[in-house]
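See structure below.
Letters A, B, ... mirror the listed sequences (proteins, then strands); counts begin at 1.
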Protein chains: 2
Amino acid sequence: MNSSTVNCEALAKRLTQSGLRPTVQREVVYKAILEKRNHPSTDEIFARVREQMPTISLATVYNCLETLVQCGLIKQVNFERAPTRYCPNLYEHAHFHDDATGEVHDIAVPAEMMDRLRALLPPGYKAANIELSFRGGVMHTRN
Amino acid sequence: MNSSTVNCEALAKRLTQSGLRPTVQREVVYKAILEKRNHPSTDEIFARVREQMPTISLATVYNCLETLVQCGLIKQVNFERAPTRYCPNLYEHAHFHDDATGEVHDIAVPAEMMDRLRALLPPGYKAANIELSFRGGVMHTRN
DNA sequence: AATTCTATTTGGAATAGTTCCAATTCCTAC
DNA sequence: GTAGGAATTGGAACTATTCCAAATAGAATT
Ligand SMILES: [Mn+2]
Ligand SMILES: [Mn+2]
Ligand SMILES: [Zn+2]
Ligand SMILES: [Zn+2]
């Protein structure tokens, strides 16, 4: 029983809990995101998925992604107005967008820091969601 | 000498410094953003600007906004994939997007907090930009 | 097992914010 | 005043995403 099997059992369970059907399309889209966790765009996911299922439609990929987000299995990552990316890392974390390569890296954020951020809000403001993102470069260290 | 005059002198100065011309279109777009600092969208800015200058084109508004951002006079504010908004508040701050009203509110962020955020980055990562945004609701307090 | 009912998928059209482009107009420098 | 570059303009093009109506698949019921 490999990790992919585990993940897809979790997927089926979560979908069923939400009253949705664990379809093969949803499974293959979810696996595509898991296989290389580099915050792929919809196009990238579509390309990966087509290798397994060449007949899947782009509309279905969009539908599956929306479903997976609603079930809380993946997160949408938006940067400026660039095409939406997706992230299977469910821990609270921030994103670093490397200007040079275009890559997006996860940045760990302690829960305590999240609390500090929430504390910035005026009384009465309740944040359902906090997004923290960095943009910049990565210096190469010479040894 | 009202504040609008002051702001527009600053605008002209900044544009000239950048080797750009202080045109009437750029001035009227900038004033439109300052007049009601509610993070207006391009459409809203276009509507405001047309009252002063009914002949201005949408393309020019887009051009002016890009110029003003490049000069550092305003900031782009993106939320998910909603239409871009603009903000003349040049202090480092976060944004709170009210789900109920769609309004965007500025949230003050102490410089010390910004430093803590930067400190989350691994060695070698240099953030040219940090974006922090909240989404949620505002509770009404009874008295 | 056939039928029914609904969820899901599918291909293509439509949408919308934004960008691009070529032509005109406007400034500035000479 | 003329020349040259900057800025503006209207409209076309672009593109990520959403919408839609028809086809398909799957679960439930008889
Ligand atoms: Mn994408
Ligand atoms: Mn906008
Ligand atoms: Zn991530
Ligand atoms: Zn702001």
Counting side-chain heavy atoms from CB outward, which of dA7(D), dG10(D), dG17(C) is closest to Asp43(B)?
-> dG17(C)
For nucleotides 3-5 of chain D, print each protein N/O atom paired with a nucleotide N/O atom at under 3.5 Å, atom names and distance only.
{"unit_1": "dG5(D)", "atom_1": "N2", "unit_2": "Arg21(B)", "atom_2": "NH1", "d": "3.3"}

Determine, step by step, whether Met113(B) and Met113(A) satisfy the side chain to side chain contact (heavy atoms under 4.5 Å, CB included) criterion, reporting the C-alpha distance in whole Å, the side-chain angles of both residues, the deciding distance to 0.1 Å, and the verdict.
-> CA-CA 9 Å; Met113(B) 180 62 71; Met113(A) 181 62 73; 4.2 Å; yes
Could you tell me the separation between the OH atom of Tyr62(B) and the P atom of dC14(D), rounded to a whole number of Å?
-> 17 Å
The side chain of Thr55(B) lies closest to which of these nucleotides: dT18(C), dT9(D), dT10(C)?
-> dT9(D)
Rounded to whole Å, CD of Glu80(B) lies from P of dA16(C) at a distance of 19 Å
Non-neighbouring partners of Asp106(B) that pass salt bridge (charged side-chain N to carboxylate O under 4.0 Å, His left out), sequence neighbours left out = none
What nucleic acid atoms does Thr60(B) come within less than 4.0 Å of, heavy atoms only: base, sugar-phosphate, or nothing?
-> base
Nearest-neighbour nucleotide for the Ala59(B) side chain, dC20(C), dT9(C), dG17(C) considered = dC20(C)
Is there a side-chain contact between Phe134(A) and Tyr125(B) (heavy atoms, below 4.5 Å)?
-> no
Toward the 5' end of DNA chain D, by each residue's nearest nucleotide, Leu58(B) or Leu20(B) | Leu20(B)
May I ask you to evaluate whether Gln25(B) reaches the phosphate of dC26(C), defined as a side-chain N or O under 4.0 Å from OP1 or OP2?
-> no
Out of dT10(C), dT8(D), dT17(D), which nucleotide sits closest to the side chain of Asn63(B)?
-> dT8(D)
Ignoring hydrogens and angles, write down the donor-acceptor pairs under 3.5 Å from the side chains of residues 11-19 of chain A, residues two or more places apart or on other chains.
{"unit_1": "Arg14(A)", "atom_1": "NH1", "unit_2": "Cys71(A)", "atom_2": "O", "d": "2.7"}
{"unit_1": "Thr16(A)", "atom_1": "OG1", "unit_2": "Ala12(A)", "atom_2": "O", "d": "2.8"}
{"unit_1": "Ser18(A)", "atom_1": "OG", "unit_2": "Arg14(A)", "atom_2": "O", "d": "3.1"}

Separation between CG of Leu65(A) and CZ of Arg26(A), rounded to the nearest 0.5 Å | 11.5 Å
From CG of Leu15(B) across to P of dC27(C) the rounded distance in Å is 14 Å
Of Lys75(B), Arg85(B), Glu44(B), His95(B), which is the lone residue that meets side-chain hydrogen bond (donor to acceptor under 3.5 Å, both in side chains) with His39(B)?
-> His95(B)
What's the CZ-P distance between Phe46(B) and dT18(C), to the nearest Å?
-> 13 Å
Look at Thr42(A) and dA16(D) and indicate whether a side-chain polar atom (N or O) is within less than 4.0 Å of OP1 or OP2.
-> no
Ile56(A) has a side chain; which of dT18(D), dT18(C), dT10(C) sits nearest to it?
-> dT10(C)
Can you find a side chain N or O atom of Thr23(A) that sits less than 4.0 Å from OP1 or OP2 on dT9(C)?
-> yes
Which whole-number value in Å describes the distance from Arg81(B) CZ to dT18(C) C1'?
-> 11 Å
Between Arg85(A) (CZ) and dT17(D) (P), how many Å, whole number?
-> 11 Å
Taken to the nearest whole Å, CD/Gln70(A) to P/dA7(C) is 14 Å
Going by the angle between their ring planes, with limits at 30° and 60°, are His97(B) and Phe79(B) parallel, tilted or perpendicular?
-> parallel
Glu27(A) and Lys31(A) ion-paired at < 4.0 Å | yes
Taking atom P of dT19(C) as reference, at what distance in whole Å does atom CG of Leu65(B) sit?
-> 10 Å
